[in-house]
Amino acid sequence: MQKIPLMDYVGRPLLACVFVALLWLQWRFPLRRQHFSILHRLVRNFVLSIPGFAIVRLAMLPIPIAIAMWAKDGHIGLFPDGWLGSRHSY
């Protein structure tokens, strides 16, 4: 039986503790004063993030299409030809 590395036991809890500690420090000793309400900041962040999500979505769209075309040309898929007597690949 293979021994589990030490970082698998320690790494995740350590990262969680660091995250909680930094969150608490930011809440207790903020680096800058908040000038707007939480609702105003959330709405502004949401509105400003929409174009970024759209750009990333459109930029990433050609990758799965190219992989699908490669898999089709190579006859690679979940259902090989002749599986259950029918052809499932498109």
Show every donor-acceptor pair shorter than 3.5 Å between a side-chain atom in residues 11-26 and any protein atom, with sequence neighbours excluded, or say none if there are none.
none

By the rule that ILVMFWY residues connect when side-chain heavy atoms come within less than 4.5 angstrom, directly or transitively, which residues belong alongside [X]?
X	answer
Leu39	Val43, Val47
Val56	Met60, Ile63, Ile67
Ile65	Leu61, Met69

### side chain to side chain donor-acceptor pair (under 3.5 Å) contacts touching residues 41-54 (sequence neighbours left out)
Gln34-Arg41

### Task
Mind checking side-chain contact (heavy atoms from CB on, under 4.5 Å) for Leu58 and listing every partner two or more places apart, or none if nothing turns up?
none

### Message
Per the ring pair (Phe, Tyr, Trp, His ring centres under 6.0 Å) rule, what does the pair list look like for residues 38-63, sequence neighbours excluded?
### Response
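Only Phe36-His40 qualify under ring pair (Phe, Tyr, Trp, His ring centres under 6.0 Å).
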
